[in-house]
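Chain letters run A, B, ... following the sequence lines, proteins first, then strands; residues in each count from 1.
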Amino acid sequence: MSAEAVGLTLYFVQIATLGAIYAVIALGLNVNWGFSGLMNAGIAGFVAIGAYTSAILTAPNGAGQLGAFGWPLWAAWLAAMGAAGVLALVMGTITVNLRSDYLAIATLGIAEILRLIVRNEDWLTGGPLGVTPLARPFESYGNPWAPVLFLLLLLAIVAVVYWLAERAIRSPWGRVQRALRENEAAAAAMGKDVRNFRLQSFVLGATFMGLGGAMLAHFSKYMSPDVVDPLTTTFLVWVMLIAGGSGNNRGAIIGAFLIWGIWAATDFLTAYLPSDVATRAAYLRLFLIGLALQIILIRRPEGLIGERPPRPADGR
Amino acid sequence: MIEVRNLVKRFGGFTAVDGCSLTVETGSLTGLIGPNGAGKTTLFNTIAGTYRPDGGQVLLDGADVGGMPPHVLFRRGLVRTFQIPHEFSRMTVTENLCVPVPGQSGENLFAAWFGWGRIAREEAAIRKRALEVLEFLNLSHVADHQAGRLSGGQKKLVEIGRAIMSGAKTILLDEPAAGVNRALLGTLTEDIRRLHRQGYTFLLIEHDMDMIAALCDPIYVMAEGKVLAQGTMAEIRADARVREAYLGHGMSADGATGGAARAGRA
Ligand SMILES: Nc1ncnc2c1ncn2[C@@H]1O[C@H](COP(=O)(O)OP(=O)(O)OP(=O)(O)O)[C@@H](O)[C@H]1O
Ligand SMILES: [Mg+2]
């Protein structure tokens with residue numbers, strides 16, 4: 001392969017890798033919002049806690065932050081899921097019974113508090129400098145194999161998370177979640193402990209988001225407050241889910257790859273813009289994504305592939 | 001058996017249920033009537049745990065259950081339907097009926113992931129039962145429709161279907177006949193009678209006097225938050241206070257007799 005072909009391949013591999021990371025996070029939001037109607041606006045918070053947990057547990061004794069625990073990657077990723085889940089459990093115990101708009105404000109606020117903690121508690125997170133360097137698996141294989149193998153690993157994880165989410169929604173558990181999303185009073189009258197079920201959904205979704213965060217940290221090879229931008233993370237993931245089809249796990253995955261592809265492509269285009277316009281490109285990108293969301297909401301409110309009644313469990 | 005003692009429910013300064021006492025004997029088909037705004041639905045909501053009582057007691061089989069949340073009362077064998085249909089709109093009619101089935105192991109997330117075989121077996125049984133109930137309610141042809149797209153009357157039938165699927169032995173029905181067409185009304189009356197004979201206990205709110213006359217004994221009359229009278233249909237009809245409460249609401253002796261006659265033919 002020519003150097004150019006390799007470069008182009010690596011570029012697409014990188015986009016696909018981030019697409020896979022966002023797919024896991026979007027599946028998490030689908031559990032919250034698509035299944036249960038929980039308006040989680042604090043995605044960035046759960047992503048960040050997963051990312052930092054894995055970063056701190058695996059990093060060598062780095063730049064002033066806590067470190068040198070030397071955990072293997074798989075254990076750190078499980079811990080990242082656990083940390084996000086515990087955060088959701090604590091948060092959810094207080095907020096999960098709130099009406100959805102209040103839940104959105106509460107989750108948004110808590111994510112913002114987390115961001116401030118991350119930025120200021122240098123002993124734990126390295127402050128603005130972050131935790132570095134982080135290991136990315138398969139690095140020793142060199143280019144182009146290392147990024148390709150990493151992508152394959154992440155795709156396998158997407159498949160596992162998809163399977164977990166799909167089983168969940170097709171089971172009676174998922175049926176209860178959808179029922180309480182549709183009508184809380186009726187679900188309660190049908191014997192369902194609404195608060196408990198909501199909390200389970202909140203925690204499960206957060207767990208996926210935490211895993212996505214851990215994947216993101218090791219893709220970036222360092223973890224600093226800038227890696228998880230609340231705007232792009234929370235906003236983009238919502239756009240991904242709405243575009244792909246809320247309530248549909250496949251929709252969440254397709255939306256993640258699609259919207260990330262568009263996002264990356266607009267970045268590519270700005271390289272060709274005159275420099276005075278290019279400085280404003282960041283706003284232009286957000287504007288374009290917002291526009292795309294508007295068009296989808298007007299033309300296809302249910303997303304590319306909307307919710308379908310799940311195949312019955314007895315149908316295999 | 002449900003015993004309600006001096007139950008009070010206030011909304012701000014307004015007392016919607018004002019010291020109500022009534023008894024629903026096990027195996028009875030007790031009626032609850034009264035003019036619009038009498039507080040019947042509020043009484044239901046307070047018995048079923050949607051509202052916390054502001055005073056008085058609710059006893060279910062002798063145990064004080066006042067203030068317990070609805071899902072706990074459900075586990076104690078009490079289920080209610082809603083006056084305004086509370087269907088799960090973006091779910092199929094069959095799915096609506098599957099939700100209330102108690103003791104589903106698939107409601108545990110870990111079972112959903114690792115015990116699929118067992119869930120599949122349970123689901124097959126639940127769906128079979130749901131289809132039988134839909135057949136019973138004349139809803140088979142809409143089994144796979146979204147519940148939100150049904151007509152008002154069909155939604156009421158879904159409400160009743162869910163109550164049947166719940167396995168609860170005490171059923172509170174809030175105006176099951178409202179919006180259901182005349183032809184179906186006879187069937188519905190018959191269905192409730194049949195379920196009653198199978199051992200279910202009912203408390204039935206209804207404005208349709210034909211249905212009340214055909215089914216209920218005893219009947220309680222509520223007005224302005226209080227129980228005004230109780231007794232058989234004949235006793236209620238003879239009560240001057242009841243007639244006064246209903247003034248101009250079609251509770252004339254003539255209308256009621258005609259209603260009873262129609263119900264007799266149904
Ligand atoms: N959530 C609430 N907040 C404030 N007032 C309420 C509330 N629910 C009911 N009320 C009031 O309580 C009174 C009784 O209402 P309720 O719904 O119990 O009447 P009802 O007997 O069921 O009437 P209908 O036969 O029309 O259904 C009404 O005056 C109503 O306005
Ligand atoms: Mg009412």
Side-chain angles (χ1 to χ4, degrees), chain A residues 31 34-37 85 97 160-205 207 246-248 301-302 306-316, chain B residues 45 48-50 69-76 78-82 85-92 94-96 98-117 119-128 144 146-148 159 162-163 165-168 172:
Chain A
V31 171
F35 295 5
S36 320
N97 254 12
V160 171
V161 171
Y162 168 75
W163 182 86
L164 290 172
E166 194 63 14
R167 270 284 161 94
I169 193 61
R170 282 177 56 199
S171 71
W173 182 87
R175 188 161 59 212
V176 173
Q177 295 295 347
R178 289 163 62 230
L180 62 89
R181 178 195 71 193
E182 293 299 310
N183 196 314
E184 190 183 324
M190 303 294 116
K192 310 308 173 198
D193 185 344
V194 171
R195 187 189 168 84
N196 188 319
F197 273 107
R198 279 202 166 152
L199 201 52
Q200 291 181 33
S201 166
F202 195 53
V203 168
L204 180 64
T207 306
S246 176
N248 188 319
E302 77 282 7
E307 180 175 347
R308 311 217 168 93
R311 280 173 295 152
D314 55 326
R316 281 278 153 154
Chain B
N45 281 329
T50 309
H71 69 269
V72 174
L73 291 169
F74 178 94
R75 280 174 213 156
R76 287 168 166 258
L78 183 80
V79 70
R80 59 86 59 89
T81 67
F82 292 88
H86 278 38
E87 78 285 358
F88 304 124
S89 352
R90 283 181 294 167
M91 293 168 70
T92 68
T94 311
E95 285 180 311
N96 265 263
C98 293
V99 171
V101 175
Q104 300 184 45
S105 59
E107 286 183 5
N108 179 303
L109 198 46
F110 291 96
W113 287 329
F114 307 115
W116 199 249
I119 292 177
R121 276 193 304 280
E122 281 184 21
E123 280 290 282
I126 291 170
R127 292 181 77 84
K128 184 162 168 286
D144 294 324
Q146 283 207 340
E159 286 272 336
R162 289 194 305 204
M165 291 294 288
S166 74
L172 310 182

Practice task
List the steps and the verdict of side-chain contact (heavy atoms from CB on, under 4.5 Å) for Arg178(A) and Val99(B).
Solution key: CA-CA 10 Å; Arg178(A) 289 163 62 230; Val99(B) 171; over 6 Å; no
Practice task
Evaluate the criterion side-chain contact (heavy atoms from CB on, under 4.5 Å) for residue pair Asn96(B) and Glu182(A); output intermediate values, then yes/no.
Solution key: CA-CA 11 Å; Asn96(B) 265 263; Glu182(A) 293 299 310; over 6 Å; no
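Chain A forms the most heavy-atom pairs under 4.5 Å with one residue out of Met91(B), Gln104(B), Glu122(B), and that residue is Met91(B). Heavy-atom pairs under 4.5 Å with chain A peak, among Pro69(B), Cys98(B), Ser166(B), Pro102(B), at Cys98(B). Heavy-atom pairs under 4.5 Å with chain A peak, among Met165(B), Arg80(B), Arg162(B), Gln146(B), at Arg162(B). Between chain B and the residues Gln177(A), Gln200(A), Arg181(A), the most heavy-atom pairs under 4.5 angstrom are made by Arg181(A).
A distance of 7.5 Å separates CZ in Arg175(A) from CD in Glu107(B), rounded to the nearest 0.5 Å. Here the CG-OG distance, from Asn108(B) to Ser171(A), works out to 9.5 Å after rounding to the nearest 0.5 Å. A distance of 13.0 Å separates CH2 of Trp113(B) from CD of Glu166(A), quoted to the nearest 0.5 Å. Atom CZ of Arg167(A) and atom CH2 of Trp116(B) lie 5.0 Å apart (nearest 0.5 Å).
Under a 4.0 Å N-O distance rule, the pair Glu302(A)/Arg90(B) does not qualify as a salt bridge.
The two residues Pro172(A) and Ile119(B) come nearest to each other via the heavy atoms CD-CG2, 3.7 Å. Among all heavy-atom pairs drawn from Leu109(B) and Ala168(A), the shortest one is CD1-CB, 3.8 Å. For the residue pair His71(B) and Gly191(A), the shortest heavy atom distance occurs at CB-C, 3.4 Å. Closest approach of Ala186(A) and Phe88(B) over heavy atoms only: CB-CE2, 3.7 Å.
If you measure heavy-atom distances from Val101(B) to chain A, the contacts under 4.5 Å come from the backbone alone. When heavy atoms are compared at a cutoff of 4.5 Å, Glu159(B) does not approach chain A at all.
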